[in-house]
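Just so we're clear, the structure is a prediction, and the values are computed from it rather than from any experiment. What's counted below: heavy atoms across the whole structure, side chains too, no hydrogens, waters or symmetry copies.
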Amino acid sequence: PYTGPCVACPADRFCPGGNDVHFCPTNSQSEPGSSVVTDCKCPDGYYGHDGADCITCPANFYCPNPGNDVLPCPDNASSPAGSFIPETSCVCDCGFVESAEGQCEQCVAGTY
C-alpha cells in the first residue's frame with residue numbers, strides 16, 4: 001500500500017478519488033485539485049460544455065469564456081479562428097471603418 005502524503009490533483013486533470021487521475025477532455029483545462037470532469041472548462045477562444053471536448057471558435061466569430069457562447073462579429077467585420085475578445089478580435093473589413101458605436105461603416109467615396 002501507498003504510505004506517502006496525499007497530493008493535489010495536477011492542473012488540466014481531474015481526480016475522482018483513490019489513485020484515479022484522468023486528463024481533461026480535448027482542449028479543456030482545470031485548476032489543480034479538481035475532482036470531477038465538469039471541473040474541466042473551455043479556455044478563451046474555445047467553446048463547449050463543462051466536462052466535454054472544447055472546439056476552437058470559428059473565424060468571424062468570438063467565444064468569450066466562461067461559457068458556451070459563439071457570437072458573430074459585427075456586420076462587415078472579421079476575426080481569425082480562436083478569437084475571444086470582440087473589441088480586439090473583430091476588425092472592420094477593407095473599405096469599412098469603425099464608428100463611435102463600434103459598428104463597421106463604409107468609408108466615404110475617395111477614402112479607404
Side-chain angles (χ1 to χ4, degrees):
Y2 181 74
T3 59
C6 293
V7 295
C9 192
D12 303 330
R13 293 171 179 79
F14 65 98
C15 303
N19 292 336
D20 290 340
V21 179
H22 302 275
F23 283 95
C24 284
T26 304
N27 296 321
S28 65
Q29 301 172 335
S30 69
E31 296 292 322
S34 296
S35 61
V36 293
V37 69
T38 53
D39 288 339
C40 300
K41 303 185 183 311
C42 295
D44 291 338
Y46 290 82
Y47 68 97
H49 296 286
D50 293 349
D53 290 347
C54 297
I55 302 163
T56 303
C57 194
N60 304 321
F61 290 82
Y62 63 99
C63 299
N65 277 298
N68 194 30
D69 294 328
V70 180
L71 305 172
C73 286
D75 290 342
N76 303 308
S78 56
S79 69
S83 296
F84 60 94
I85 302 173
E87 294 83 7
T88 58
S89 299
C90 296
V91 178
C92 292
D93 297 330
C94 290
F96 293 84
V97 64
E98 187 173 349
S99 69
E101 294 80 32
Q103 299 301 311
C104 295
E105 298 175 351
Q106 192 166 11
C107 294
V108 296
T111 66
Y112 66 95

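- Rounded to the nearest 0.5 Å, atoms CD1 (Ile85) and SG (Cys90) are 10.5 Å apart.
- Taken from CZ in Arg13 to OG in Ser34, the straight-line distance is 11.5 Å, to the nearest 0.5 Å.
- Within the structure, every pair that satisfies the ring pair (Phe, Tyr, Trp, His ring centres under 6.0 Å) test and touches residues 17-39, not counting sequence neighbours, is listed here: Phe14-His22.
- By the 4.5 Å heavy-atom criterion applied to side chains, Pro64 and Phe84 are not counted as neighbours.
- Under the side chain to side chain donor-acceptor pair (under 3.5 Å) criterion, the residue pairs touching residues 73-85 are Ser78-Asp93, with sequence neighbours excluded.
- Rounded to the nearest 0.5 Å, atoms CG (Asp53) and OG1 (Thr26) are 4.0 Å apart.
- Annotation for Cys107 and Phe96: closest pair SG-N, 3.8 Å, computed over non-hydrogen atoms.
- When the side chain to side chain donor-acceptor pair (under 3.5 Å) test is applied to Asp39, no partner is found at least two apart in sequence or on another chain.
- Note that SG of Cys63 and CG of Leu71 are 7.0 Å apart. Values are rounded to the nearest 0.5 Å.
- A distance of 4.0 Å separates OG of Ser99 from CD of Glu105, quoted to the nearest 0.5 Å.
- Here the shortest heavy-atom pairing between Thr56 and Tyr47 reads O-CE2, 3.8 Å.
- The heavy-atom pair separating Cys92 from Glu98 by the smallest distance is SG-N, 3.5 Å.
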Exercise. Please walk me through it: do Cys40 and Cys24 pass disulfide bond (SG atoms under 2.5 Å apart)?
Worked result: CA-CA 6 Å; Cys40 300; Cys24 284; 2.1 Å; yes
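- With rounding to the nearest 0.5 Å, the separation of CD1 in Ile55 from CG in Asn27 is 9.0 Å.
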